[in-house]
Every structure is written in structure tokens, then in C-alpha cells.
Student: 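Pasting a structure here, questions to come.
Bear in mind the structure is a predicted one, so any value in this text is a computation, not a measurement.
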Amino acid sequence: MGLRLHNTLTRAAEPFEPQDPERVGIYGCGPTIYGHAHIGNFRTFLFYDLVHRYLEWKGYGVHFVMNFTDVDDKTIRAAREAGVGIGEFTEPFAEAVLEEADALGMARFDLYPRATAYVDGMIELVQTLLDRKLAYVTEDGSVFFDISAFPGYGKLSGKDLEQVRTGERVSGDDYGKDDVRDFALWKAVKPEDEEVGAAWDAPWGRGRPGWHLECSVMGLREVGTTLDLHLGGEDLIFPHHEDEIAQSEGATGHPFARCWLHVKHLRVEGSKMSKSLGNFITVRELLDEGVSRAAIRHQLLSAQYRRELNFSRAGLEASEKAVARLVDFRDRLRRRPVEEVEMDEAQDSTEGQPSSGGPLARAAARAREGFETAMDDDLNISGALGAVFTFVNEANAHLDRERGVAAAERDAALALVASVDRVLGLVELADRERGVDPEVEAWVQERIEARAQARRDRDWSRADAIRDELSSRGIVLEDGPDGTRWKRVTTASPGA
RNA sequence: GGCGCCGUGGCCAAGUGGUAAGGCAGAGGACUGCAAAUCCUUUAUCCCCGGUUCGAAUCCGGGCGGCGCCUCCA
């Protein structure tokens with residue numbers, strides 16, 4: 001059973017068949033960097049991370065490009081207000097996005113192109129479209145794409161051209177269009193563009209590229225003529241991606257992308273996120289609050305990408321606990337002493353059966369299969385997580401029942417956790433968060449020793465006082481037959 | 001008006017024909033000095049009404065309810 005993905009273009013699940021499995025070409029639409037990215041942006045970006053990691057987990061070679069849009073109306077306006085050029089204005093936000101991506105455990109993509117570095121290519125593409133009579137220059141020196149000359153227009157969004165509202169809202173910007181539905185490839189220069197360095201010379205006149213054009217050029221140049229996957233938020237289906245298809249295919253004569261995946265928008269505390277509702281949350285804010293990064297990652301990944309997902313504080317707490325359960329399980333396996341025992345089950349294991357071995361190894365094999373089956377079904381991460389936690393339950397029960405465990409059994413269980421975490425990235429991130437410096441570690445050990453003495457003296461109030469002291473510093477103790485263990489806990493809602 | 005999505009236990013959420021995964025929360029129990037972690041037990045008329053079928057949360061029809069996109073917002 002192979003991976004199947006829901007292609008927006010055909011509105012159906014299709015087998016994933018890249019042109020070259022050694023180099024799957026993927027382009028994901030990135031943020032416009034005129035401000036800090038919000039939590040909704042990161043639902044999409046974490047989905048990109050999931051696609052990236054899962055394809056590599058499946059054995060594909062992946063070439064993944066995510067752009068930064070560093071020139072558009074809003075960017076120009078914001079740069080003017082700040083009194084700096086667009087390059088100087090946007091670069092800190094690009095770096096912030098990368099920092100936040102790291103903080104949320106995203107594996108780095110191969111390339112993060114900035115639109116302004118590709119203007120020469122954009123001019124070339126526009127020229128090609130003009131030569132092919134798919135675009136026209138208006139009196140002011142702007143260039144528009146003539147959608148009536150491109151028969152496939154509307155195929156991605158399923159729009160009937162006659163139905164697209166030929167609206168009343170014709171702004172000054174659009175003056176000169178043959179048809180209001182035509183979209184800008186090149187916008188003639190305005191004084192404010194010059195002010196912030198957002199203007200380039202082109203054969204038909206000085207100006208700046210249209211938004212849609214940027215992604216076409218970066219995708220074509222950095223990924224290839226035909227992308228295996230093109231990813232983005234659902235809002236981009238129309239017009240952004242529709243226009244990318246028209247430009248790219250109009251110029252190259254080849255399909256721009258074989259498969260399009262679109263992520264449903266995130267809701268926040270039950271409402272659509274918007275600045276006016278005051279529920280506009282940036283990742284930066286959450287990180288500054290000290291909210292558990294693994295919890296944020298878990299919540300944003302926990303629902304399948306085409307399902308509605310509601311980001312909430314309550315959900316963050318549930319995510320925090322879920323991650324802890326997984327990490328605690330891994331830690332429990334690690335410290336479980338192994339026994340030099342023969343596995344009875346190994347005797348009657350069938351040749352070539354990967355599910356052979358003891359109960360733990362067999363449960364791990366089932367979990368792996370369940371995980372992959374769910375992920376293969378259009379990246380159904382909820383089902384995949386279900387398979388993992390079912391395994392955690394089974395294995396914990398087994399560990400409770402048995403005194404010791406064979407090394408091969410323990411290793412099979414640990415390998416399962418490590419394997420799925422190469423896709424999920426949750427344990428990895430939690431480990432980074434739980435890390436403590438040696439000084440703190442020494443202090444904790446000293447406190448634990450003091451408490452152990454108090455317990456030997458049966459001085460329970462003193463023992464509890466020490467435990468509370470540690471607890472207030474985010475250190476949780478667990479007494480067991482082999483002594484006291486401790487762990488650092490993160491928190492989902494530090495304010496609460 | 002056009003296109004589309006969703007409605008499963010207190011909350012979140014899998015499951016698309018054979019009588020309900022998983023996470024969080026709650027209750028009882030085991031373990032513990034008390035906890036924590038873990039385990040055991042426990043909590044579902046699958047929005048409503050019809051229909052198809054031996055059999056439907058799952059298919060069809062009709063309602064009700066929530067939501068998204070329809071020109072630059074991931």
C-alpha cells in the first residue's frame with residue numbers, strides 16, 4: 001500500500017507518483033514577511049514539515065523549497081512607515097520565521113528563496129507570456145495576464161469563468177485591464193515603490209512583479225518545470241494558485257504541478273483568527289510566554305490537514321500531557337533492565353515474518369503498520385497517533401506485568417518510538433525542552449539526596465517540603481523501587 | 001447566488017457497509033508514607049427523519065445546525 005494524497009486539481013485521492021523518487025520536487029508557499037508569522041501560518045508550515053519528514057521516512061529523496069515573499073503592497077507600506085528599504089525591513093522577519101520553525105522542531109528545508117532575488121526570472125517569464133500573446137501591456141506600463149487566452153483557467157479552483165463575479169470593485173490599481181478578472185503580472189512603478197527600493201527596470205517599463213508571478217518563477221527555477229507537489233493554505237487556491245498555473249503553464253507548455261495539497265485554515269478558541277477579533281496569536285508570543293513548544297507542535301499537527309483544527313489553551317494542555325505520556329514511556333523503556341532470557345516466541349517465529357519476536361516486538365510491528373497505513377491515507381495523522389498510543393498502552397501493560405524484558409524486546413519498542421518520531425518530531429523536541437544545565441542537575445541531585453535522608457528518617461513533612469521546592473522549579477519526582485527519578489516538565493499554560 | 005467542507009462519549013478526534021481507535025478530563029481500584037508515573041475497571045440512542053441492504057456512524061434522499069472560498073489572508 002503506497003501513499004495516497006488528495007489532489008485539489010482532481011478533487012480526489014491519488015497514488016503519489018513522483019517523477020523521480022530520488023528527488024521529489026516540492027514547493028510550499030511561504031509567508032509574506034512584513035510582520036511576525038502567526039499560529040495559523042505555522043499550522044501550514046508544520047504540515048509542510050510533516051510532508052517533508054514523512055516522505056523521507058518512506059525512503060524518498062526530497063528537494064523542498066519554501067519561499068519568503070519580500071515584496072508586495074503590505075510590505076511596501078510597512079517599510080515606508082518604518083522608513084527603511086524593503087530588504088532591510090523584511091530580513092529580520094525572515095530570520096524570525098526560521099527561528100520559530102526551529103523552535104517548533106521543523107526540519108530545515110533545502111532552500112528559502114526571497115522573491116526579490118528572482119526579478120530577472122520574472123521579467124523573462126513575463127516577456128515569454130507577452131511573446132505568446134497571453135499577456136498585454138497597459139498604457140501605464142503594467143502587464144496583465146489575459147485569462148481568456150488560457151483555456152485551462154479555473155481548473156484548480158473549479159471555477160466557471162462566467163460565474164466569477166465581474167465585480168464592481170475596480171480600484172485605481174486595476175485601471176486599464178481588458179477584463180477585471182485579468183490579474184497583474186507586473187505593476188507599473190509608483191513613487192512609494194521607489195522610496196523603499198521596490199522597483200526594477202523591465203523592457204515595457206519600470207515597476208515591480210505581481211504576487212503570483214513570484215511563486216511561479218521560484219518554483220520553476222528552484223524545483224523544476226513540473227513540481228511533484230505544490231503546497232499551500234486553502235485560501236491560496238483561488239486566485240493565487242490558479243494564476244500560478246496560468247502563468248507557468250502558459251509559459252512552459254507543461255503542467256506546473258502534478259499534485260496540489262491545501263491546508264485548511266486554523267481557528268482560534270472557536271473563531272476565525274483575525275486582528276479585529278483580538279485572537280490573532282503569533283508563535284513569537286507563545287514562545288515568549290514560555291508555552292511548551294512540543295505542546296504547540298502537537299496541537300498544530302494533531303488533526304489531519306484537511307480537517308478543521310481549533311487552537312485552544314485547553315487543547316494545548318491536552319497536547320502537553322499527550323507528549324509527556326510518549327516521552328515518559330520512552331524513558332521507562334530506556335531504564336528498564338534487560339534480562340538475558342530466551343524469547344519463547346522466537347522459537348516458533350515464522351521465517352520472513354517481520355512480526356516475529358516477543359509480545360513487545362510484535363506490538364511494535366503492528367504499531368508501525370498502523371502508523372504507516374494511516375499516514376499513507378492522505379496523511380491521516382490522527383489515525384497514526386492512535387496506532388502509536390495503542391502501542392504505548394500495550395507496552396506499558398506488558399512492562400507492568402513482567403519483571404524483566406529481553407534486550408531485543410526492549411530495543412524493538414525503543415526503535416518503534418524513535419522511528420515514528422522521525423516523522424512526528426515530538427519526543428525529539430520535548431527532549432530539547434527538558435534539557436537542563438549541569439549546575440541545575442547537581443542541585444536537583446543534592447535535593448533528592450536530602451529528601452531520601454528525610455524519608456529514611458520518616459520525616460514526611462520535610463520530604464514533602466523538598467518535593468514541593470523542586471516542583472516549584474518545574475522538577476517532578478517519581479519514587480520507584482530503584483530509587484527516585486526526576487524530570488523537568490514544561491507547561492502548556494504558564495499563566496494559569 | 002456559485003463551489004466546497006463538517007456534525008462520533010464532558011472536551012478533542014480516528015473509523016466510509018459487519019454493531020465504535022486514540023489523547024485529555026471524570027469515577028472506582030492496585031501500587032506509594034503521601035504523591036508522581038503505570039496498570040485494571042468504568043463513561044457513546046455515532047445531529048434528526050425517511051430509504052437501500054441480511055446488516056449503516058459509514059450508501060441514497062430530505063431536513064436542521066456549524067464553517068470555508070468566490071482577486072492579492074497560510
Student: Of the listed nucleotides (B/C5, B/A74, B/G23), which one gets closest to any side-chain atom of A/N41?
Tutor: B/A74
Student: Among residues 95-112 of chain A, which contact RNA chain B at a heavy-atom distance under 4.0 Å?
Tutor: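 Residues of residues 95-112 of chain A that come under 4.0 Å of RNA chain B do not exist, since none gets that close.
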Student: Could you go through A/T390 and A/E394, starting from their C-alpha distance and side-chain angles, then the distance that decides it, and tell me whether this counts as side-chain hydrogen bond (donor to acceptor under 3.5 Å, both in side chains)?
Tutor: CA-CA 6 Å; A/T390 297; A/E394 291 170 345; over 6 Å; no
Student: Kindly state whether the ring of A/F329 and the ring of A/F391 have centres lying under 6.0 angstrom apart.
Tutor: yes
Student: Kindly point out which of B/C34, B/A74, B/G23 is positioned nearest to the side chain of A/F389?
Tutor: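 Looking only at heavy atoms from C-beta outward on A/F389, the closest nucleotide is B/G23.
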Student: Less than 3.5 Å between a donor and an acceptor, one on the side chain of A/D72 and one on the base of B/C73, is that the case here?
Tutor: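 No, the side chain and the base share no sub-3.5 Å donor-acceptor pair.
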Student: Of all residues at least two apart in sequence or in a different chain, which pass the side chain to side chain donor-acceptor pair (under 3.5 Å) check with A/E469?
Tutor: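 By the side chain to side chain donor-acceptor pair (under 3.5 Å) rule, A/E469 matches A/R447.
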Student: Nearest of B/A74, B/C72, B/A14 to any side-chain atom of A/W211?
Tutor: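 Of the options given, the side chain of A/W211 lies nearest B/C72.
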Student: If I take atom CG in residue A/L156 and atom C1' in nucleotide B/U71, what distance separates them, rounded to the nearest angstrom?
Tutor: 15 Å
Student: Using a 4.0 Å heavy-atom cut-off across all strands, classify A/N310 as base, sugar-phosphate, or nothing.
Tutor: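 Touches nothing.
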Student: Counting side-chain heavy atoms from CB outward, which of B/G33, B/G7, B/G23 is closest to A/N393?
Tutor: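 Given the options B/G33, B/G7, B/G23, the side chain of A/N393 is closest to B/G23.
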Student: Which of the following nucleotides, B/C67, B/A37, B/C34, is nearest to the side chain of A/R455?
Tutor: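 Comparing B/C67, B/A37, B/C34 against the side chain of A/R455, the answer is B/C34.
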Student: Can you figure out which of B/G68, B/C24, B/C34 approaches the side chain of A/K321 most closely?
Tutor: B/C24
Student: Look at A/R307 and B/C5 and indicate whether a side-chain polar atom (N or O) is within less than 4.0 Å of OP1 or OP2.
Tutor: no
Student: Measuring centre to centre across the rings, with the benzene-like ring taken for any Trp, is A/F150 within less than 6.0 Å of A/Y153?
Tutor: no
Student: When you measure from the side-chain N and O atoms of A/R11 to the phosphate of B/C3, is any distance below 4.0 Å, counting only OP1 and OP2?
Tutor: no
Student: Does A/H38 reach a base, just sugar-phosphate, or nothing at all? Heavy atoms under 4.0 Å.
Tutor: base
Student: At 4.0 Å (heavy atoms only), tell me whether A/A303 reaches a base, stays on the sugar-phosphate, or touches nothing.
Tutor: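 If one applies the 4.0 Å heavy-atom cut-off, A/A303 turns out to touch nothing in the nucleic acid.
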Student: Please find out if less than 6.0 Å separates the ring center of A/H241 from that of A/H262.
Tutor: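 Yes, the ring centres sit under 6.0 Å apart.
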